Chemist: 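So that we are looking at the same thing, I have put the structure below in structure tokens.
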Amino acid sequence: MELDGSFIFALQPILVIFGSLLNSLQLYLAIFETPKPLKRYSIFIVVFALADIGSSVGELVSRTRIIASPVAIGMVSVGICSYSGPKTCYAWQSITAHFMIYSVYLMFVSFGYRYYVIYRGPTSVTTIFLSLGISYIPSFIQVIAYTFAQDDPELVRQVVQQRFPHYDLSHTVVSGNLNYSHPAVLYTCVNMVLSTPLLYAGILYFRKKVLWKLQSLSRSLSNHTKSMHEQLLKALTFQAMLPALFAIGSGSFAIAALDIAHHPILEHLVMTSCCASPALSPLGSILFIKPYRDFVKRRLLRRPLYLAIFKTPEPLRRYSILIIAFALTDIGTSIGEIVGRTRMVAWPQALGMVSIGLCTYGGPISCYIWQSITGHFLIYSVYLMFVSFGYRYYVIYHGPTSVKAILMSIGISYIPSFTQVIVHCLAMDDPELVRQAVQRRFPHYNLTNTVVSGNLDYTRPVLLYLSVHMTCSAPFLYAGILYFRRKALTFQAMLPALFAIGSASFAIAVLDIAHNLFLEHLVLCEMELDGSISFALQPILVVFGFLLNCLQLYLAACKTPEPLKRYSILIIVFAVTDIGTSIGELVSRIRIIAFPQAIVFVSNGLCTYGGPISCYLWQSITAHFMIYSVYLMFLSFGYRYYVIYHGSTSVMAVFISVGISYVPSFIQVVRIETLTRVI
């Protein structure tokens, strides 16, 4: 990632995650919180949300930078797709692009719908779906044609490298096209670049007509109808500005493709500006449509800081001061970690801080200061926990205290952290010397595209104070918390244990007991983008699924009402099957590498202690459970169909159908295990 364009590129995951969350919220609101008069229009909102979620997920998976020139289109990907190779990244980018341009078509159709309703009255649901389907045709043609138009990735890489020899394409996946005259490529470029201004002109035309009609009908419309139209128009007007962001991306692509100018900022702008549109689009509905806005105010704004300031009942007013201090401290920690994104590399001689966050654009000094601020917030949160317990203890044993006493205790408890941040900010050593020290101590570490800062001498009073304060004070404060907890109650007593994990990881490295990337990331609970994110989700999903299915098994076996007793047999079999899948995946933890000649299972779970045959058998058992769950789904729907059309069936018939549906999966697992024994 280049320094002159990567700031824009670094915004991509922020916009994508923000957009995914907002669009998920919009999807929920459109489905469950839409009032009756807006039910038909909510169809557009649902499709909008799905298209924007598709764009966000696609961009998160691919994380692409478009390098366009008159001779080629190079797509440089560094996302999760890179672990599957150029074809996967190319396909994901094709899917993402088709969702992006479809959102512009949807904007045009939404304005056309408002125009039609105001001039001719409500239309049918069938007409709405037809308009959505017809508007999807250009995007559908694009994704089908363009997905199969990929050129040889190695040739694309060579062409891009020859055209831009100063670009560092290492650790990236390059895919793309070498011939603009190819019909699929030409159609995609025209559809993505030239259709936007035409659609935008139509959007502005419809908006003007709708505004004029509303003004002319303002006296004849009821207040409710007028208000509803105004809300929708405000939402659409806000969204009407968003295609301009898409136009920035299209314009950046056109400038590079026509060889007018080339710059990393332009290349990063192509996708990043397009990511901004799905991230901001839901705000139009959420902010301007009253039922949605009221839901957000009523349900989502009741968060700790908001509640502590505006919604605290009188008896808890004084304690709310501590809640506000907690919230502000945790916000400071979160912002600091987003800006720094730091990994701690510690050993007895030095402390290296390797940063890859937004602070890198300010250089090592900026990253060092941000990490110092973050560190002081982290330890201060433990002090605040101690003060909170002490306050509850005092109130229970001695009665209420004054506001002044609370503020004084907060201020006094802040002194160690304040001292730490001041002295540590002034104790930075030469970043280049720190980088060299880290590289000498850990020559296998890849520090390219990172900013390294830190300290070289633990015997200095400043660094000694930092280490002791961050590491040794936590257990003493925790001991005090546990003492107070015996006298007063709280859930938060468990939370400092999380801080202790980071402190212990730091101490293990500093004392030279062990060094590992995992320990270094644990200090601030971060993880490198080396493929481990998606893989790390496996055990989380597996354990979560195991627990939920155990709960489902208990409910089906012990809490099912009489009318559902027979159907509960299917629920129990479902739960047992999913538990089997979860256990199998937890034991094997398989990564599947498939290619035309073979299928390879790469395992790093518990099965590795039994060797390859053990892992193969576990994967076979897991796979047969997975496909059997699909058979069970089919069987469950068939059961409901039979009951509705023919009445209830016998328990024996349910068991027979469960057994028959298991035959294909049983044959699959037995056959594979037999082959394993033969081999």
Side-chain angles (χ1 to χ4, degrees), residues 12 16 19-20 23 27 44 46-68 72-77 79-82 84-110 129-153 156 173-196 198-199 242-243 245-247 249-250 252-254 257 270-275 277-279 281:
Q12 268 191 24
V16 161
S20 298
N23 279 290
L27 189 62
F44 289 100
V46 169
V47 179
F48 246 126
L50 291 174
D52 287 344
I53 289 171
S55 299
S56 299
V57 171
E59 190 49 40
L60 193 62
V61 170
S62 59
R63 291 212 65 208
T64 300
R65 165 186 171 189
I66 306 290
I67 302 177
I73 302 172
M75 293 183 281
V76 182
S77 303
I80 299 171
C81 70
S82 59
S84 298
K87 288 187 178 179
T88 304
C89 288
Y90 183 88
W92 270 105
Q93 183 53 33
S94 175
I95 293 167
T96 305
H98 109 286
F99 276 128
M100 286 179 170
I101 189 61
Y102 183 50
S103 66
V104 184
Y105 279 95
L106 277 176
M107 192 81 67
F108 175 80
V109 174
S110 298
F129 278 112
L130 273 171
S131 62
L132 290 171
I134 292 169
S135 66
Y136 181 61
I137 291 173
S139 304
F140 181 73
I141 293 172
Q142 173 184 313
V143 72
I144 296 298
Y146 191 65
T147 300
F148 297 100
Q150 181 184 12
D151 287 312
D152 184 349
V156 176
V173 168
V174 181
S175 57
N177 309 98
L178 296 174
N179 184 7
Y180 279 103
S181 62
H182 188 289
V185 179
L186 188 63
Y187 174 81
T188 300
C189 292
V190 170
N191 190 42
M192 293 288 291
V193 177
L194 298 183
S195 65
T196 305
L198 299 176
L199 291 169
L242 299 181
L245 296 171
F246 191 88
S250 300
S252 301
F253 176 84
V270 175
M271 293 307 298
T272 304
S273 61
C274 294
C275 288
S277 181
S281 178

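Each residue takes its place number in the sequence, starting with 1. Please read these numbers as outputs of a predicted model, since none were measured by experiment.
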Chemist: Only counting residues at least two apart or in another chain, list the ones meeting side chain to side chain donor-acceptor pair (under 3.5 Å) with Y102.
Modeler: none
Chemist: Sequence neighbours excluded, which residues qualify as side chain to side chain contact (heavy atoms under 4.5 Å, CB included) partners of V270?
Modeler: I66, S252, F253
Chemist: I want to check something: taking the side chain as every heavy atom from C-beta on, are Q93 and E59 in contact at a cut-off of under 4.5 Å?
Modeler: yes
Chemist: Restricting to ring-ring contact (aromatic ring centres under 6.0 Å, His included), what partner residues turn up for F140, sequence neighbours left out?
Modeler: Y136
Chemist: If only side-chain N and O atoms count, and only distance matters, is there a donor-acceptor pair under 3.5 Å linking Y90 with D151?
Modeler: no
Chemist: So how far is it from N177 CG to C189 SG, rounded to the nearest 0.5 Å?
Modeler: 8.0 Å
Chemist: Indicate yes or no: at least one non-hydrogen side-chain atom of F99 is less than 4.5 angstrom from one of I53.
Modeler: no
Chemist: Do C89 and M75 touch side chain to side chain, with heavy atoms closer than 4.5 Å?
Modeler: no
Chemist: D152: what forms a side chain to side chain donor-acceptor pair (under 3.5 Å) with it, not counting sequence neighbours?
Modeler: none
Chemist: Tell me, do N23 and F48 make a side-chain contact under 4.5 Å, heavy atoms counted?
Modeler: no
Chemist: Could you state the interatomic distance from NE2 (H98) to OG (S55), rounded to the nearest 0.5 Å?
Modeler: 8.5 Å
Chemist: Got a second to check how far D52's CG is from M100's CE, nearest 0.5 Å?
Modeler: 9.5 Å
Chemist: Atom OG of S139 and atom CD1 of I95: how far apart are they, to the nearest 0.5 Å?
Modeler: 13.0 Å
Chemist: Just so I know, are the side chains of N179 and V185 near enough to count as touching, which here means a heavy-atom distance under 4.5 Å?
Modeler: no
Chemist: Please enumerate all residues that pass side chain to side chain contact (heavy atoms under 4.5 Å, CB included) together with S94, with sequence neighbours excluded.
Modeler: V143, Y146, T147
Chemist: Who pairs with S77 by side chain to side chain donor-acceptor pair (under 3.5 Å), at least two apart in sequence or on another chain?
Modeler: T64
Chemist: If you compare all heavy atoms of G58 against all heavy atoms of W92, which two are closest, and at what distance to 0.1 Å?
Modeler: CA-CE3, 3.7 Å
Chemist: Considering residues at least two apart in sequence or located in another chain, which fulfil the side chain to side chain contact (heavy atoms under 4.5 Å, CB included) criterion with S195?
Modeler: I101, Y105, N191, L199
Chemist: Could you list the residues that satisfy side chain to side chain contact (heavy atoms under 4.5 Å, CB included) with I141, not counting sequence neighbours?
Modeler: I137, Y187
Chemist: Supply the atom-to-atom distance L60 CG to T96 OG1, rounded to the nearest 0.5 angstrom.
Modeler: 10.0 Å
Chemist: Could you check whether any side-chain heavy atom of L178 comes within less than 4.5 Å of a side-chain heavy atom of V156, counting everything from C-beta outward?
Modeler: yes
Chemist: I'd like to check C81 versus V173 (side-chain heavy atoms, cut-off strictly below 4.5 Å). Are they in contact?
Modeler: no
Chemist: So do the side chains of V104 and F108 get within less than 4.5 Å of each other, counting heavy atoms only?
Modeler: no
Chemist: Which distance, rounded to the nearest 0.5 Å, do you find between the CG of L130 and the CD1 of I134?
Modeler: 5.5 Å
